[in-house]
Amino acid sequence: DAKTTQPNSMESNEEEPVHLPCNHSTISGTDYIHWYRQLPSQGPEYVIHGLTSNVNNRMASLAIAEDRKSSTLILHRATLRDAAVYYCILMNGGSWGKLQFGAGTQVVVTP
Amino acid sequence: NAGVTQTPKFQVLKTGQSMTLQCAQDMNHEYMSWYRQDPGMGLRLIHYSVGAGITDQGEVPNGYNVSRSTTEDFPLRLLSAAPSQTSVYFCASSSLRSTDTQYFGPGTRLTVL
(Lines give C-alpha, C1' and ligand atoms only; values in the text may rest on other atoms or scores of the structure.)
Protein backbone atom coordinates (compact mmCIF):
# COMPACT_ATOMS: atom_id res chain seq x y z
CA ASP A 1 0.00 0.00 0.00
CA ALA A 2 1.20 3.49 -0.80
CA LYS A 3 2.32 5.36 2.30
CA THR A 4 2.34 9.01 3.32
CA THR A 5 4.92 11.15 5.13
CA GLN A 6 3.92 14.08 7.32
CA PRO A 7 5.81 16.34 9.74
CA ASN A 8 5.37 15.39 13.37
CA SER A 9 4.10 18.79 14.44
CA MET A 10 3.37 22.32 13.28
CA GLU A 11 2.58 25.51 15.13
CA SER A 12 0.41 28.40 14.07
CA ASN A 13 -0.97 31.60 15.49
CA GLU A 14 -4.70 31.98 15.77
CA GLU A 15 -6.40 33.48 12.71
CA GLU A 16 -3.39 32.76 10.49
CA PRO A 17 -3.38 30.17 7.69
CA VAL A 18 -1.91 26.73 8.26
CA HIS A 19 -0.35 24.69 5.45
CA LEU A 20 0.03 21.01 6.26
CA PRO A 21 2.23 19.09 3.81
CA CYS A 22 1.94 15.42 2.93
CA ASN A 23 4.30 13.45 0.71
CA HIS A 24 3.05 10.35 -1.10
CA SER A 25 5.65 9.61 -3.75
CA THR A 26 4.40 6.05 -4.42
CA ILE A 27 0.76 7.05 -4.97
CA SER A 28 -1.05 5.08 -7.68
CA GLY A 29 -3.41 6.49 -10.26
CA THR A 30 -6.50 5.24 -8.42
CA ASP A 31 -5.53 6.46 -4.94
CA TYR A 32 -7.62 9.24 -3.47
CA ILE A 33 -5.99 11.58 -0.95
CA HIS A 34 -7.98 11.86 2.25
CA TRP A 35 -7.54 14.04 5.30
CA TYR A 36 -9.00 13.31 8.69
CA ARG A 37 -8.36 15.10 11.96
CA GLN A 38 -8.62 13.99 15.56
CA LEU A 39 -9.35 16.49 18.29
CA PRO A 40 -8.17 15.61 21.81
CA SER A 41 -10.06 12.69 23.33
CA GLN A 42 -12.35 12.34 20.31
CA GLY A 43 -12.70 10.05 17.34
CA PRO A 44 -11.31 11.09 13.96
CA GLU A 45 -13.35 13.48 11.83
CA TYR A 46 -13.42 13.64 8.03
CA VAL A 47 -11.95 16.87 6.63
CA ILE A 48 -11.61 16.61 2.85
CA HIS A 49 -10.51 14.35 0.00
CA GLY A 50 -9.50 14.65 -3.64
CA LEU A 51 -8.03 12.81 -6.61
CA THR A 52 -6.32 15.24 -8.97
CA SER A 53 -7.92 18.67 -8.77
CA ASN A 54 -7.76 21.06 -5.86
CA VAL A 55 -10.77 20.83 -3.57
CA ASN A 56 -12.46 23.28 -1.22
CA ASN A 57 -15.08 22.81 1.45
CA ARG A 58 -16.25 24.68 4.50
CA MET A 59 -13.47 23.24 6.65
CA ALA A 60 -10.38 23.43 4.47
CA SER A 61 -8.79 23.38 1.03
CA LEU A 62 -6.74 20.60 -0.49
CA ALA A 63 -4.02 21.47 -2.98
CA ILE A 64 -2.69 18.51 -4.98
CA ALA A 65 0.60 18.69 -6.85
CA GLU A 66 0.45 18.15 -10.60
CA ASP A 67 2.41 14.88 -10.33
CA ARG A 68 0.26 13.88 -7.31
CA LYS A 69 3.32 12.98 -5.29
CA SER A 70 2.48 15.54 -2.63
CA SER A 71 -0.47 17.51 -1.33
CA THR A 72 -1.15 20.29 1.14
CA LEU A 73 -4.08 20.75 3.45
CA ILE A 74 -4.82 24.43 4.01
CA LEU A 75 -6.70 25.75 7.00
CA HIS A 76 -7.42 29.32 5.98
CA ARG A 77 -7.79 30.88 9.42
CA ALA A 78 -6.71 28.69 12.29
CA THR A 79 -8.81 28.77 15.43
CA LEU A 80 -8.10 27.18 18.79
CA ARG A 81 -10.62 24.51 17.85
CA ASP A 82 -8.38 23.45 14.95
CA ALA A 83 -5.73 22.15 17.35
CA ALA A 84 -5.71 18.45 16.52
CA VAL A 85 -3.76 15.64 14.90
CA TYR A 86 -4.21 15.74 11.14
CA TYR A 87 -3.89 12.52 9.15
CA CYS A 88 -3.15 12.30 5.42
CA ILE A 89 -4.39 8.94 4.11
CA LEU A 90 -4.41 7.32 0.68
CA MET A 91 -7.37 5.15 -0.24
CA ASN A 92 -8.35 3.54 -3.53
CA GLY A 93 -11.61 2.09 -4.70
CA GLY A 94 -10.61 -1.43 -3.74
CA SER A 95 -9.91 -0.49 -0.13
CA TRP A 96 -13.55 -0.91 0.91
CA GLY A 97 -13.27 2.04 3.23
CA LYS A 98 -10.22 0.71 5.06
CA LEU A 99 -8.24 3.68 6.34
CA GLN A 100 -4.52 3.30 7.07
CA PHE A 101 -3.58 5.90 9.63
CA GLY A 102 0.00 7.04 10.16
CA ALA A 103 1.17 9.12 13.10
CA GLY A 104 -0.19 12.34 11.58
CA THR A 105 0.77 15.97 12.24
CA GLN A 106 0.02 17.56 15.59
CA VAL A 107 -1.16 21.11 14.99
CA VAL A 108 -0.73 23.56 17.85
CA VAL A 109 -2.59 26.86 17.65
CA THR A 110 -1.51 29.67 19.93
CA PRO A 111 -3.73 32.65 20.76
CA ASN B 1 -29.43 11.67 14.56
CA ALA B 2 -27.18 10.38 17.33
CA GLY B 3 -24.60 9.31 14.73
CA VAL B 4 -22.21 6.60 15.95
CA THR B 5 -22.51 5.70 19.62
CA GLN B 6 -20.20 3.49 21.66
CA THR B 7 -20.58 1.96 25.10
CA PRO B 8 -19.03 1.86 27.58
CA LYS B 9 -16.82 4.97 27.57
CA PHE B 10 -14.33 3.40 29.97
CA GLN B 11 -13.68 -0.18 31.04
CA VAL B 12 -11.12 -1.93 33.23
CA LEU B 13 -10.68 -5.68 32.85
CA LYS B 14 -8.48 -8.30 34.41
CA THR B 15 -6.38 -10.55 32.20
CA GLY B 16 -8.46 -13.42 30.91
CA GLN B 17 -11.84 -11.72 31.29
CA SER B 18 -14.16 -11.34 28.34
CA MET B 19 -16.32 -8.43 27.33
CA THR B 20 -18.20 -6.88 24.43
CA LEU B 21 -17.75 -3.33 23.21
CA GLN B 22 -20.95 -2.01 21.73
CA CYS B 23 -21.26 0.15 18.62
CA ALA B 24 -24.46 1.42 17.05
CA GLN B 25 -25.28 3.85 14.26
CA ASP B 26 -28.61 5.37 13.20
CA MET B 27 -27.61 6.53 9.70
CA ASN B 28 -28.51 3.28 7.92
CA HIS B 29 -24.87 2.83 6.91
CA GLU B 30 -23.89 -0.47 5.37
CA TYR B 31 -20.20 -0.17 6.21
CA MET B 32 -18.97 -0.41 9.80
CA SER B 33 -15.53 -0.97 11.23
CA TRP B 34 -13.50 -1.17 14.42
CA TYR B 35 -10.13 0.46 15.04
CA ARG B 36 -7.77 0.53 17.98
CA GLN B 37 -5.45 3.39 18.87
CA ASP B 38 -2.44 2.86 21.08
CA PRO B 39 -0.79 5.86 22.81
CA GLY B 40 0.90 8.26 20.39
CA MET B 41 -0.01 6.21 17.35
CA GLY B 42 -2.52 6.27 14.54
CA LEU B 43 -5.55 4.00 14.37
CA ARG B 44 -5.29 0.40 13.17
CA LEU B 45 -8.15 -1.52 11.62
CA ILE B 46 -9.35 -4.60 13.55
CA HIS B 47 -12.45 -5.83 11.68
CA TYR B 48 -14.94 -4.42 9.25
CA SER B 49 -18.34 -5.25 7.77
CA VAL B 50 -19.98 -4.26 4.50
CA GLY B 51 -23.45 -5.31 5.61
CA ALA B 52 -25.48 -7.54 7.89
CA GLY B 53 -24.05 -11.04 7.96
CA ILE B 54 -20.76 -10.02 6.29
CA THR B 55 -17.55 -9.39 8.21
CA ASP B 56 -13.86 -9.50 7.40
CA GLN B 57 -10.52 -9.05 9.11
CA GLY B 58 -8.46 -5.91 9.13
CA GLU B 59 -4.83 -5.34 10.03
CA VAL B 60 -4.90 -6.53 13.67
CA PRO B 61 -7.77 -9.04 14.12
CA ASN B 62 -6.18 -11.49 16.57
CA GLY B 63 -7.95 -11.69 19.93
CA TYR B 64 -11.15 -10.07 18.66
CA ASN B 65 -14.42 -11.41 17.26
CA VAL B 66 -17.21 -9.55 15.51
CA SER B 67 -20.64 -10.30 14.12
CA ARG B 68 -23.17 -8.17 12.27
CA SER B 69 -26.74 -9.36 12.76
CA THR B 70 -28.35 -5.97 12.05
CA THR B 71 -27.43 -2.92 9.99
CA GLU B 72 -27.35 -0.74 13.11
CA ASP B 73 -25.09 -2.73 15.45
CA PHE B 74 -21.54 -4.00 15.20
CA PRO B 75 -20.27 -5.34 18.56
CA LEU B 76 -16.62 -6.19 19.18
CA ARG B 77 -15.88 -9.12 21.49
CA LEU B 78 -12.72 -9.74 23.45
CA LEU B 79 -12.76 -13.42 24.34
CA SER B 80 -9.82 -13.45 26.77
CA ALA B 81 -8.43 -9.99 27.47
CA ALA B 82 -4.67 -9.44 27.52
CA PRO B 83 -2.66 -6.39 28.66
CA SER B 84 -1.62 -5.88 25.02
CA GLN B 85 -5.25 -5.06 24.26
CA THR B 86 -5.13 -1.96 26.47
CA SER B 87 -6.06 0.75 24.00
CA VAL B 88 -8.75 3.16 22.86
CA TYR B 89 -11.27 1.54 20.53
CA PHE B 90 -13.13 3.46 17.87
CA CYS B 91 -16.06 2.35 15.80
CA ALA B 92 -16.79 3.96 12.43
CA SER B 93 -19.53 3.78 9.81
CA SER B 94 -20.19 5.02 6.31
CA SER B 95 -22.42 4.54 3.35
CA LEU B 96 -21.02 2.02 0.87
CA ARG B 97 -21.71 4.57 -1.84
CA SER B 98 -19.40 7.00 -0.07
CA THR B 99 -16.78 5.28 2.06
CA ASP B 100 -14.70 8.43 1.62
CA THR B 101 -16.60 10.06 4.46
CA GLN B 102 -16.52 7.89 7.55
CA TYR B 103 -18.12 8.81 10.84
CA PHE B 104 -16.36 7.82 14.03
CA GLY B 105 -17.75 7.22 17.48
CA PRO B 106 -16.32 8.83 20.64
CA GLY B 107 -14.30 5.77 21.58
CA THR B 108 -14.03 3.27 24.44
CA ARG B 109 -10.93 3.45 26.63
CA LEU B 110 -10.05 -0.08 27.73
CA THR B 111 -7.45 -1.00 30.34
CA VAL B 112 -6.48 -4.63 30.89
CA LEU B 113 -4.62 -5.32 34.12
Side-chain angles (χ1 to χ4, degrees), chain A residues 1-9 20 22 24 30-53 55 57-60 62 64 71 73 84-108, chain B residues 2-7 9-10 21 23-25 27 29-51 54-61 66 68 74 87-109:
Chain A
D1 291 326
K3 296 205 180 296
T4 63
T5 304
Q6 299 178 249
N8 289 335
S9 64
L20 300 176
C22 181
H24 28 78
T30 57
D31 284 336
Y32 283 77
I33 302 159
H34 290 73
W35 284 83
Y36 279 75
R37 73 179 184 180
Q38 187 174 20
L39 278 64
S41 301
Q42 295 189 27
E45 173 186 33
Y46 168 83
V47 177
I48 200 167
H49 77 279
L51 183 62
T52 55
S53 303
V55 186
N57 66 20
R58 64 174 179 81
M59 290 181 70
L62 176 59
I64 302 172
S71 60
L73 178 71
V85 178
Y86 287 76
Y87 298 99
C88 171
I89 302 168
L90 302 182
M91 189 165 73
N92 63 45
S95 297
W96 282 106
K98 291 179 280 186
L99 297 169
Q100 285 196 310
F101 289 83
T105 297
Q106 174 71 62
V107 170
V108 176
Chain B
V4 179
T5 58
Q6 293 183 236
T7 56
K9 287 190 184 339
F10 302 94
L21 280 64
C23 174
Q25 51 90 11
M27 298 173 281
H29 285 164
E30 304 94 338
Y31 185 87
M32 296 185 74
S33 56
W34 277 101
Y35 291 82
R36 61 176 287 174
Q37 184 173 32
D38 298 328
M41 297 180 65
L43 285 70
R44 290 182 293 168
L45 181 65
I46 305 171
H47 285 285
Y48 66 97
S49 168
V50 298
I54 306 170
T55 64
D56 205 346
Q57 297 180 351
E59 181 186 354
V60 288
V66 292
R68 183 98 179 268
F74 191 42
S87 191
V88 181
Y89 291 84
F90 292 99
C91 178
S93 77
S94 72
S95 164
L96 269 184
R97 291 187 304 277
S98 179
T99 55
D100 306 301
T101 308
Q102 298 201 28
Y103 298 86
F104 284 80
T108 293
R109 185 175 296 274

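All chains are named by letter (A, B, ...) in the order of the sequence lines, taking the proteins before the strands, and each is independently numbered beginning at 1.
Scanning for side-chain hydrogen bond (donor to acceptor under 3.5 Å, both in side chains) contacts around Thr55(B) gives an empty result, with sequence neighbours left out. Taking the side-chain hydrogen bond (donor to acceptor under 3.5 Å, both in side chains) definition, one finds that Gln38(A) meets it with Tyr87(A), Gln37(B), sequence neighbours left out.
Few gaps surround CZ on Arg44(B); more than 12 heavy atoms of other groups in view lie less than 6.0 Å from it.
If you take NE2 on His34(A) and CD on Gln102(B), they are separated by 8.0 Å, rounding to the nearest 0.5 Å. The structure places CD of Glu59(B) at 10.5 Å from NZ of Lys98(A), a figure rounded to the nearest 0.5 Å. With rounding to the nearest 0.5 Å, the separation of OH in Tyr103(B) from OH in Tyr46(A) is 9.0 Å.
Of the atoms belonging to Tyr35(B), it is side-chain heavy atoms, and not backbone ones, that fall under 4.5 Å from chain A. Interface remark: Leu43(B) contributes backbone and side-chain atoms alike to the contact with chain A (heavy atom separation under 4.5 Å).
The residue among Gly42(B), Ser33(B), Gly40(B) with the most heavy atom pairs within less than 4.5 Å of chain A is Gly42(B). The choice from Gly43(A), Gly104(A), Ser41(A) that makes the most heavy-atom pairs within less than 4.5 Å of chain B is Gly43(A).
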